[in-house]
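Working notes, structure below.
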Amino acid sequence: MAAMKPRTGDGPMEVTQEGRSLIMRVPIDGGGRLVLEINNDEAQSLKQCLIEAVGE
């Protein structure tokens with residue numbers, strides 16, 4: 001049986017380029033990270049939504 005490891009070191013929010021996709025990792029409450037695979041068009045839409053929400 002595999003040992004269970006505690007969720008520590010979830011790390012910061014980050015985005016990396018992998019092939020034609022962007023991989024976005026966002027820390028979430030309770031441990032772990034939300035991992036999203038998005039394309040450039042989706043990233044631009046997300047950027048615009050965030051600018052509208054928080055201002056530039």
Side-chain angles (χ1 to χ4, degrees):
M1 178 154 84
M4 295 295 290
K5 296 181 181 177
R7 288 186 175 188
T8 59
D10 293 324
M13 183 181 309
E14 64 181 2
V15 178
T16 58
Q17 181 84 38
E18 293 186 14
R20 292 184 171 186
S21 298
L22 297 168
I23 306 300
M24 186 166 95
R25 294 173 179 89
V26 181
I28 56 175
D29 290 339
R33 295 199 290 181
L34 173 67
V35 179
L36 300 171
E37 180 178 357
I38 58 177
N39 61 35
N40 287 333
D41 291 337
E42 293 166 332
Q44 289 297 327
S45 294
L46 176 59
K47 176 183 173 182
Q48 189 59 41
C49 289
L50 291 171
I51 288 171
E52 291 171 9
V54 300
E56 191 168 353

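This one's a predicted model, so the numbers in the text were calculated from it and none came from an experiment. Computed over heavy atoms, backbone and side chain alike; hydrogens, waters and symmetry mates excluded.
If you chain together hydrophobic residues whose side chains sit under 4.5 Å apart, Ile23 and Leu34 never meet in one group. Note on Ile38: it clusters hydrophobically with Val15, by side-chain heavy-atom contacts below 4.5 Å among ILVMFWY residues.
Looking at heavy atoms from C-beta onward, Leu22 lies in side-chain contact with Gln17 at the 4.5 angstrom threshold. Residues Glu14 and Arg33 are in side-chain contact: their nearest non-hydrogen atoms beyond the backbone lie under 4.5 Å apart.
In plain terms, the two heavy atoms of Pro27 and Gly11 that are nearest each other are CG-O, 3.2 Å.
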Under 3.5 Å, sequence neighbours excluded: what are the donor-acceptor pairs made by side chains of residues 40-50?
{"residue": "Glu42", "atom": "OE1", "partner": "Asn39", "partner atom": "N", "Å": "2.9"}
{"residue": "Ser45", "atom": "OG", "partner": "Asp41", "partner atom": "O", "Å": "3.3"}
{"residue": "Gln48", "atom": "NE2", "partner": "Glu52", "partner atom": "OE2", "Å": "3.3"}

